[in-house]
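Throughout, a chain's letter reflects where its sequence line sits, starting with A, and its residues are numbered from 1. All values derive from a computational prediction rather than experimental measurement.
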6 protein chains.
Amino acid sequence: MTVSDETLEKLRQVSTPTLTTQLLVSFGLTNVSLRNVLPVDVEMARFAGPAYTLRYMPVREDLRPAQHLNHPDNLMTPAVETMPAGSVMVMDANGRNDVGTLGGNILMRLKVRGIAAAVTDGGMRDIPEIEGLGMPVCCTAAAAPPSFTKLMLADIQCPIACGGVPIFPGDIIVGDSEGTVAIPAAFAEAVADGGLAQDHIEGWVNRKLESGAVMPGLYPPDDDARAEYEAWVKAGEPDNV
Amino acid sequence: MTVSDETLEKLRQVSTPTLTTQLLVSFGLTNVSLRNVLPVDVEMARFAGPAYTLRYMPVREDLRPAQHLNHPDNLMTPAVETMPAGSVMVMDANGRNDVGTLGGNILMRLKVRGIAAAVTDGGMRDIPEIEGLGMPVCCTAAAAPPSFTKLMLADIQCPIACGGVPIFPGDIIVGDSEGTVAIPAAFAEAVADGGLAQDHIEGWVNRKLESGAVMPGLYPPDDDARAEYEAWVKAGEPDNV
Amino acid sequence: MTVSDETLEKLRQVSTPTLTTQLLVSFGLTNVSLRNVLPVDVEMARFAGPAYTLRYMPVREDLRPAQHLNHPDNLMTPAVETMPAGSVMVMDANGRNDVGTLGGNILMRLKVRGIAAAVTDGGMRDIPEIEGLGMPVCCTAAAAPPSFTKLMLADIQCPIACGGVPIFPGDIIVGDSEGTVAIPAAFAEAVADGGLAQDHIEGWVNRKLESGAVMPGLYPPDDDARAEYEAWVKAGEPDNV
Amino acid sequence: MTVSDETLEKLRQVSTPTLTTQLLVSFGLTNVSLRNVLPVDVEMARFAGPAYTLRYMPVREDLRPAQHLNHPDNLMTPAVETMPAGSVMVMDANGRNDVGTLGGNILMRLKVRGIAAAVTDGGMRDIPEIEGLGMPVCCTAAAAPPSFTKLMLADIQCPIACGGVPIFPGDIIVGDSEGTVAIPAAFAEAVADGGLAQDHIEGWVNRKLESGAVMPGLYPPDDDARAEYEAWVKAGEPDNV
Amino acid sequence: MTVSDETLEKLRQVSTPTLTTQLLVSFGLTNVSLRNVLPVDVEMARFAGPAYTLRYMPVREDLRPAQHLNHPDNLMTPAVETMPAGSVMVMDANGRNDVGTLGGNILMRLKVRGIAAAVTDGGMRDIPEIEGLGMPVCCTAAAAPPSFTKLMLADIQCPIACGGVPIFPGDIIVGDSEGTVAIPAAFAEAVADGGLAQDHIEGWVNRKLESGAVMPGLYPPDDDARAEYEAWVKAGEPDNV
Amino acid sequence: MTVSDETLEKLRQVSTPTLTTQLLVSFGLTNVSLRNVLPVDVEMARFAGPAYTLRYMPVREDLRPAQHLNHPDNLMTPAVETMPAGSVMVMDANGRNDVGTLGGNILMRLKVRGIAAAVTDGGMRDIPEIEGLGMPVCCTAAAAPPSFTKLMLADIQCPIACGGVPIFPGDIIVGDSEGTVAIPAAFAEAVADGGLAQDHIEGWVNRKLESGAVMPGLYPPDDDARAEYEAWVKAGEPDNV
């Protein structure tokens with residue numbers, strides 16, 4: 001199932017906390033935010049796109065040669081060269097934050113190929129290069145060692161877990177400075193619309209609270225508060241809430 | 001027992017490492033620094049005030065509705081609206097750093113109400129809003145999901161553990177850029193005075209070391225060093241140590 | 001065995017991810033990067049020098065007095081006063097990130113004595129002082145409590161584990177903004193030379209990728225790519241790759 | 001709310017795996033089985049009764065004297081002497097399996113007082129005495145040290161977490177050789193009846209499978225299988241399934 | 001690649017510690033023993049057979065219905081009904097020891113179908129039934145809750161990790177009372193032969209040690225000891241070593 | 001310092017829970033019971049003797065050859081052949097329960113040499129052989145892989161941590177079916193005498209409780225109870241308490 005560019009653009013405007021609330025309240029999902037997976041550079045953190053998944057598993061020493069990128073059985077190079085532009089590359093690195101899943105050279109190629117972001121629940125190498133890359137990269141830690149010290153690539157475009165969250169190829173992955181969230185493609189449009197609405201009214205609530213309003217009735221808004229909000233919207237959202 | 005404003009003001013001038021030394025050396029307490037509980041914004045990290053405690057426990061799915069802030073049994077809204085100005089709100093979030101204990105709207109209300117700081121051993125949501133809030137907020141992680149994905153509020157103003165440290169309502173909670181410390185109210189004045197004295201002499205020691213003095217005799221200061229320090233203080237603390 | 005200043009200087013120019021690759025590919029070592037041991041100040045993070053090791057163990061309450069720096073049995077003061085200038089002080093703090101291994105005063109003395117860096121797999125105290133110190137300090141966390149709340153110093157200049165990595169006195173410890181790596185002294189020269197070569201060609205590869213080159217054949221470079229690289233080097237490394 | 005003796009007796013006949021299935025399928029509860037909390041003696045493991053709760057927290061060294069059973073502020077002795085016969089004593093020991101929550105003497109008093117079982121998510125002391133006690137005792141480990149090395153008793157008859165499961169006073173706690181389960185009192189009767197029915201039909205299924213029947217249609221039973229089962233029951237449950 | 005019945009039979013006679021030594025010494029593999037995966041019944045623990053793999057991942061709440069065995073998309077029932085007799089069913093349960101991967105009914109069907117053993121790095125349900133089943137079952141814990149409280153089945157017959165060990169379909173899985181080991185099929189024959197030889201000479205060494213022989217020269221055996229052993233074998237392995 | 005055989009014999013008669021109470025109450029030690037270190041065979045679990053310590057650290061791949069017992073630098077063989085009869089061999093295996101610290105052959109040699117027990121905070125191999133060995137062996141798990149897959153022996157007869165407890169060579173190590181405890185040699189006699197006295201009066205208390213006595217005044221015994229106990233002792237400890 002394809003999610004429209006319009007929905008992706010909306011999702012890029014909704015905060016990840018709001019997305020998790022929408023997924024819980026509207027769809028009953030409690031496990032959608034990738035644990036400890038945060039952007040290397042908080043200024044380069046906003047993205048949304050369909051997941052292209054890679055699955056690692058613990059390395060077996062005699063299979064380490066196949067992890068070298070020039071080995072004929074290596075899965076990484078074809079993945080990097082063929083995944084569609086706009087994809088979010090999501091790697092199940094088994095939560096190993098003591099190895100770097102990718103480094104500067106592969107990330108540069110991904111950026112040039114138009115990949116929306118690279119996400120792993122392991123570490124990342126070459127942090128200084130990532131900071132200048134111009135593509136969002138999310139991970140759990142800086143980690144110098146190459147991935148094949150501990151991991152090998154097992155499969156691509158299969159269901160994975162990343163940061164403890166189940167992710168299917170094509171799920172929409174959204175990131176911002178405080179988190180990374182997976183949204184089943186079928187729910188993406190509803191979550192985008194619900195999220196924008198929630199963020200907007202909560203922004204109004206926040207300004208009311210800043211002005212000294214009490215929480216009961218206002219947050220969460222009861223019918224009266226909601227009517228006041230709608231009147232404020234209709235009035236063109238004046239500065240004075 | 002009430003701790004004076006003067007003592008609180010002194011405590012805001014003592015570093016948290018020094019407070020832990022005082023509590024160990026003078027009172028035998030080894031477990032006073034909340035593990036991994038650090039300020040979201042290191043520029044907005046200094047505070048001291050009496051603990052107002054909230055205790056969470058794992059959520060039971062059928063009780064999730066009562067976690068909504070507008071539910072008649074919800075404990076959060078009355079706590080937020082009634083805790084005394086100057087309090088430090090301390091939450092036992094069971095160390096769950098994969099959920100956000102509070103978000104921007106409640107934190108705004110707490111700030112307006114004059115709460116000194118909000119402290120949790122779980123995550124916090126809406127980090128960008130917290131960075132502009134103007135109230136210290138301490139937590140273990142950025143975490144997008146709402147608390148009720150995993151937790152429910154069980155009780156208020158009871159003894160809790162936060163970051164592995166036992167905390168009673170009224171304990172004095174002090175924070176700075178490198179930690180959050182709980183001080184039993186009965187010990188607060190002695191710790192404040194002892195801490196100021198320790199920081200002052202250690203500052204003098206540091207300048208002596210910077211000038212090339214050797215450690216033995218100086219750090220920790222023996223009687224001679226202490227006499228030299230006192231003379232320096234009496235002399236008006238000249239630049240030349 | 002002594003490692004030359006020239007080799008140390010080369011090691012300071014190689015990134016820690018590259019060092020781990022060299023140690024794996026050339027010497028089969030998979031466990032050389034200290035887990036979670038990162039510089040307090042990423043701007044003051046580059047160093048290389050021989051390890052001077054200290055080993056902590058869990059404190060026994062009746063032996064806590066001997067942890068005070070002025071106790072005749074204390075091992076810290078003589079270590080601080082006698083370790084050779086240029087050493088990297090490496091502490092096996094048993095991975096306890098809830099105590100501060102060292103604080104500002106000892107660190108000042110180490111800096112004055114010409115120590116290259118202080119490294120621990122525990123916490124560090126007095127982070128603001130460390131940020132102004134002018135000596136690299138690497139640890140796993142900010143932690144206010146003094147080390148002797150939980151640890152005692154057991155031994156010096158013996159083999160230790162730090163961040164899960166085996167370290168012998170005299171191993172070369174290299175740090176940068178994204179990691180801390182231990183290199184057996186006997187391998188240091190080969191790793192330094194191999195690392196510089198690797199970084200150089202990977203820099204060229206990165207510029208090729210940035211210009212739109214595809215990965216196969218280029219990364220890792222096959223014979224043709226390597227010949228092109230060598231020609232580029234011979235041509236004086238022109239801007240146009 | 002009171003649960004009838006008849007329901008308690010039924011619950012003692014249902015296996016804990018079946019109870020967890022009933023609580024999930026009928027009430028949507030996923031978190032009801034106390035992690036790692038197992039009977040010391042698998043031959044003395046079956047019990048059901050209402051929870052009488054105790055909550056521990058990390059000890060503060062200066063409050064350790066109040067943990068001694070003869071201290072006037074101690075909460076344990078009055079709890080032991082007054083909790084109703086038939087209760088299951090459930091202790092939130094913060095999951096500390098390195099201390100023994102209770103030992104032989106208190107357990108003997110509980111047994112004489114008619115307590116149904118003692119349950120903790122910490123360790124237990126005096127395992128050999130427990131093995132001869134004649135009362136079910138469930139814990140996570142054998143642990144020699146007294147509880148007050150690490151813990152202090154904070155409260156009684158409040159909501160707690162034990163083994164990661166939320167438990168309210170009066171919840172029905174059921175144990176057998178492979179687990180310990182908490183059932184909200186309001187759900188106990190339905191769970192008991194549903195569980196007995198499930199165990200009975202699954203016993204029939206198992207005998208069919210043992211005789212060579214294939215799984216599809218039989219497990220879980222479709223309408224035809226269910227009809228066959230009912231006919232078998234009506235026929236007096238003959239040996240030949 | 002197929003491993004002969006003769007090799008499987010030899011593997012059933014070699015202890016799992018010896019198998020790990022063989023895999024390290026002859027093939028350089030350090031990660032072959034499934035962590036914490038032990039037989040429910042140590043009397044029913046010896047098995048060897050090719051792995052038939054299943055991979056779980058964290059459950060997504062809206063996909064829980066497909067985990068029911070009668071759902072058309074469910075992967076378990078076809079796997080159970082079609083995996084070849086003699087297979088060892090190996091489940092990557094993500095190390096979740098708080099849920100039971102399988103229970104009595106499915107295990108009964110597997111036993112009737114001639115499966116050699118069922119292995120998981122999660123928990124197992126219905127332990128009393130397993131103890132009477134007559135088929136080896138290996139897991140990390142007794143756990144009452146059904147798997148779909150936390151997990152969903154993602155894939156079958158793909159490479160997995162179980163107990164931290166990489167396992168491919170067709171790898172030979174060998175179990176005994178103290179462990180569960182995965183052997184790449186290509187190495188099985190050499191490991192079987194090497195293991196039988198190692199166990200035999202170590203048995204002789206043990207009897208020598210029991211008689212008072214010293215370790216140097218004997219364990220590990222030097223050339224003289226090896227000659228003495230060979231003479232003893234040639235002599236018909238007399239009681240007197 | 002030497003502990004007398006008489007004291008060792010007394011210590012073998014005191015339960016490990018009682019020893020931990022004595023060490024806390026009389027000497028303020030809270031960390032004396034080795035976490036998770038339990039006897040392989042609960043019927044062969046009672047021992048007391050002075051610690052002979054060995055310290056492991058993470059293996060470095062190029063040093064693995066020196067771990068082979070016949071390597072000239074190997075530390076294990078001389079330790080095994082020279083440690084005094086009656087010693088308890090205590091190994092700091094870094095808490096790695098996924099490798100076996102020792103196996104059947106070395107343990108046989110230790111037994112023949114009169115070693116009192118072998119204790120590790122790692123795993124042990126060859127569990128079936130250990131069960132028939134006739135010497136107490138304490139560990140945290142059954143683990144098939146040889147130690148040198150992950151560890152190397154770093155030092156002998158130095159201070160170590162085992163199961164999180166600080167242990168010096170010569171500390172008295174006492175084991176029983178529910179634990180393993182380290183006692184500083186200087187405290188051994190007082191702990192032995194205090195422990196015997198405590199066990200005796202608690203035995204009397206238990207019989208009083210079994211007869212229906214209430215806890216207050218009796219446990220812990222107040223002056224009246226203590227007088228009654230002493231009268232009972234003087235009367236020859238009649239059956240009727």
Open item on the list: Looking at every non-hydrogen atom in both residues, tell me the closest pair between D:Thr20 and E:Ala144 and how far apart they are.
Closed with: OG1-O, 3.2 Å
Open item on the list: Using 0.5 Å steps for rounding, measure from the CG atom of E:Leu69 to the CG atom of D:Leu218.
Closed with: 11.0 Å
Open item on the list: Looking at chain D, which one of E:Gly103, E:Pro128, E:Ala141 has the largest number of heavy-atom pairs inside 4.5 Å, strictly under?
Closed with: E:Pro128
TODO: Mark yes when over 12 heavy atoms from residues, nucleotides or ligands other than E:Glu189 sit less than 6.0 Å from its CD; otherwise mark no.
DONE: no
Open item on the list: Looking at D:Thr16, is its backbone amide N or carbonyl O close enough to the side chain of E:Arg125 to form a donor-acceptor pair, meaning the two atoms are under 3.5 Å apart?
Closed with: no
Task: Part of D:Thr18 lying under 4.5 Å from any heavy atom of chain E - done: backbone
Task: Residue among E:Asn97, E:Val80, E:Val99, E:Asn70 with most heavy-atom pairs under 4.5 Å to chain D - done: E:Asn70
Open item on the list: Measuring from atom NZ of D:Lys208 to atom CE of E:Met108, what distance do you get when rounded to the nearest 0.5 angstrom?
Closed with: 13.5 Å
TODO: Of all the heavy-atom pairs spanning D:Asn206 and E:Gly104, show the shortest one and how long it is.
DONE: OD1-O, 3.5 Å
Open item on the list: If I take atom OG1 from residue E:Thr149 and atom CG from residue D:Asn31, how far apart are they, to the nearest 0.5 angstrom?
Closed with: 9.0 Å
- [ ] Identify which part of E:Arg64 has an atom lying under 4.5 Å from any heavy atom of chain D, answering side chain, backbone, both or neither.
- [x] side chain
Open item on the list: Does any backbone or side-chain atom of E:Leu107 lie under 4.5 Å from a heavy atom of chain D? Answer side chain, backbone, both or neither.
Closed with: neither
Open item on the list: Tell me the closest heavy-atom pair linking D:Leu209 and E:Asn105, and the distance in Å.
Closed with: CD1-O, 3.2 Å
Task: E:Glu81 side chain vs D:Met215 backbone, donor-acceptor pair below 3.5 Å - done: yes
- [ ] Considering non-hydrogen atoms only, spot the tightest contact between E:Ile127 and D:Glu178 and give its length.
- [x] N-OE1, 3.0 Å
